[in-house]
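To start, the structure under review is shown below, and the notes come after it.
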There are 2 protein chains.
Amino acid sequence: MSSTSSQPPADGVPRPPDVVRRLALLWDPPQPSGRGRRARLTLDDVVGAGTTIADTEGLEALSMRKVAARLGVGAMSLYTYVPGRTELLDLMIDRAFAELPLPPATATWRDGLAAYARAHWELFQRHPWILQTNMWRLPLTPAVLDAQECGLRTLVDTGLPERQVVEILGLVDAFVRGLARSTVAESTEKDASGQSNDEYWTSMSSFWVDHFDPQRYPTMLRIWDAGGFDAEATPFDASLDRLLDSVEMAIDRARGAR
Amino acid sequence: MSSTSSQPPADGVPRPPDVVRRLALLWDPPQPSGRGRRARLTLDDVVGAGTTIADTEGLEALSMRKVAARLGVGAMSLYTYVPGRTELLDLMIDRAFAELPLPPATATWRDGLAAYARAHWELFQRHPWILQTNMWRLPLTPAVLDAQECGLRTLVDTGLPERQVVEILGLVDAFVRGLARSTVAESTEKDASGQSNDEYWTSMSSFWVDHFDPQRYPTMLRIWDAGGFDAEATPFDASLDRLLDSVEMAIDRARGAR
DNA sequence: CCCCTCTCTCGTACGGTGTACTGGAACTAG
DNA sequence: CTAGTTCCAGTACACCGTACGAGAGAGGGG
């Protein structure tokens, strides 16, 4: 657990994590319970509102007060649905991962793994805030485990030893997250730096003339001149194909050694 | 730029980024300037104190007030050395990356790249908060560019097209960060969940009995039984070697096609 | 010598955050 | 109708980053 926790410094008095309650909320639907006053909202409303804010304004704009305002409700009312911000984030992540179109078990390992990677890639475009969650690991939620299960399933019958299956899936995950990160960066940086596009560009290029020393960074200069850095815009699929080639090599080797 | 910015929600009035000042601070040493009252501290003191706090208490505990307290100084005094928290973080990252023992240009590409990866790996063990900075990209600081230059240099003369050099180094970076993340997670999670080790363990295992459905996750179960997940503790070097094998394959192919 | 000017120092204050507490409102079961 | 149970929300607290401005210390010019 912990995963996304320690995202806020645990303000005020830290409130013990209470891992059990947190997991129960994720894995068992909140029973309506009949008795007492009717709820104006559902848990899904709250999670949805949070996701909308994070999608449009970024994770840093996600505050309990803002979520409550969007739902036309007092800030403290949210705490009837959700124990705290950390758990709200876990629920948002679960909801997002539930959107993943997971490939069927019938696909070949290569098609399946490619679909797995592409699905994550597109998810991170749609919900870039997931990459901001600073999680050490993803939270242990149903949809997240579904995705992991699916990814592992694509490789488990290829003859690879189990450890390598885990290792390779980790590599694929890191690859997708890394590439998504830099792609999102490119689109975020410009408007995040405030003001106009021009102002950003001029201050950016002032870096190259004022501080960048070509003698100190000859390789970078050479690669830049050869257009190597424009390739950040290289299609995702080409890089993925090369990665899958190396996976195929590992599989072939494992089969040969058997 | 932007990199680590938007780490705090841009509290209060956002203060325009002023990219120019930020870069100047990073690339040009702060001239002592003679006139006026003598400074009690140096910029390095401030950055060092911040690093110490982040190392020992985590990035979430890094606040201006805490850094100031450690230096025996008022909170606002820090702002004579540093424009704000964002810039302090950039400086801390630069200082950390300056610790990297970069391999000499004389090494073979494989030795150099392995040394590059291992140096980063060890850096992230020493300063795990770097993995928490949520940066879209690393800041454009001298030491960070030194490291990138070094990484690119190991591959630039191997016959790979420039784009693939950039792409492969990105993959290596993502790999190291990903593996470091999950390794750090393992050591952090336990004490981060507060209380005793026992309490953590019992609440953790309560997950497996209360919520984990083996029918839903057969592949995970199978890999678990085969010990595939213990392999997270697999030596870093073994995984790295396999990654480098795939790089070698890419190089051979590029040479063959030439 | 004084004074002026420049710099660093830092108390106060503002607007933001997560959330504990508490009293009340609204509903249902008996 | 009453008791029990739930949801609602205002207030309050500790903490955050940092704008502002008054004071403290040091050098240079007269």
Side-chain angles (χ1 to χ4, degrees), chain A residues 4-18 21-22 30-43 45-46 50 53-54 57-90, chain B residues 4-18 21-22 30-43 45-46 50 53-54 57-90:
Chain A
T4 58
S5 74
S6 79
Q7 171 69 342
D11 283 315
V13 180
R15 177 170 62 79
D18 192 0
R21 157 125 200 240
R22 195 158 147 200
Q31 48 216 7
S33 83
R35 306 254 313 181
R37 186 175 177 174
R38 298 275 175 62
R40 298 174 55 184
L41 271 32
T42 64
L43 179 58
D45 290 334
V46 176
I53 291 176
E57 303 179 60
L59 189 62
E60 70 276 1
L62 182 80
S63 74
M64 300 301 272
R65 286 170 170 86
K66 219 174 263 186
V67 173
R70 167 171 288 265
L71 294 168
V73 112
M76 292 314 293
S77 301
L78 297 184
Y79 286 83
T80 17
Y81 301 93
V82 150
R85 197 188 117 109
T86 306
E87 290 80 0
L88 174 58
L89 249 176
D90 284 351
Chain B
T4 59
S5 74
S6 78
Q7 171 70 343
D11 283 314
V13 181
R15 177 169 62 79
D18 193 359
R21 157 129 199 235
R22 194 159 149 201
Q31 49 215 6
S33 83
R35 306 255 312 182
R37 185 176 178 174
R38 296 279 173 61
R40 299 174 52 184
L41 272 31
T42 65
L43 179 57
D45 289 334
V46 176
I53 291 177
E57 303 179 60
L59 189 63
E60 69 277 0
L62 182 80
S63 72
M64 299 302 272
R65 285 171 171 86
K66 220 173 260 183
V67 174
R70 166 169 286 265
L71 294 168
V73 111
M76 293 312 293
S77 301
L78 298 184
Y79 287 84
T80 35
Y81 300 93
V82 150
R85 199 188 116 110
T86 307
E87 290 80 359
L88 173 59
L89 249 176
D90 284 351

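The sequence lines fix the lettering, A, B, ..., with proteins before strands; numbering per chain opens at 1. All values below come from the heavy atoms of this structure, side chains included, with hydrogens, waters and symmetry mates left out.
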Value in whole Å for how far the C1' atom of C/dA13 lies from CE of B/M64: 17 Å

Nearest heavy-atom neighbours spanning B/L43 and B/P30: CD2-CG, 4.0 Å

Atom pair distance, as rounded to whole Å: CG in A/L89 and P in C/dG18: 10 Å

Out of C/dG18, C/dC8, D/dC7, whichever nucleotide has its closest atom nearest the side chain of B/T80: C/dC8

Nearest-nucleotide comparison on DNA chain D, the residue closer to the 5′ end among B/K66 and A/Y81: A/Y81

Those residues of residues 67-79 of chain B lying under 4.0 Å from DNA chain C by at least one heavy atom: B/V73, B/G74, B/M76, B/S77

Spacing of A/E87 atom CD relative to C/dG18 atom C1', expressed in whole Å: 12 Å

Interatomic distance where CZ belongs to B/R65 and P belongs to D/dG17 [whole Å]: 7 Å

Any A/R40 side-chain N or O less than 4.0 Å from OP1/OP2 of C/dA25: no

Nucleotide D/dG17, atom P - distance to CD of A/E60 in whole Å: 16 Å

Report all interatomic pairs (protein N or O, nucleotide N or O of nucleotides 27-30 of chain C) with separations under 3.5 Å.
| unit_1 | atom_1 | unit_2 | atom_2 | d |
| --- | --- | --- | --- | --- |
| C/dT28 | OP1 | A/R38 | NH2 | 2.5 |
| C/dA29 | O4' | A/R35 | NH1 | 2.8 |

Could you pull out all donor-acceptor pairs under 3.5 Å where a side-chain atom in residues 62-80 of chain A meets a protein atom, sequence neighbours excluded?
| unit_1 | atom_1 | unit_2 | atom_2 | d |
| --- | --- | --- | --- | --- |
| A/S63 | OG | A/K66 | N | 3.2 |
| A/S77 | OG | A/G74 | O | 3.4 |
| A/T80 | OG1 | A/S77 | O | 2.3 |

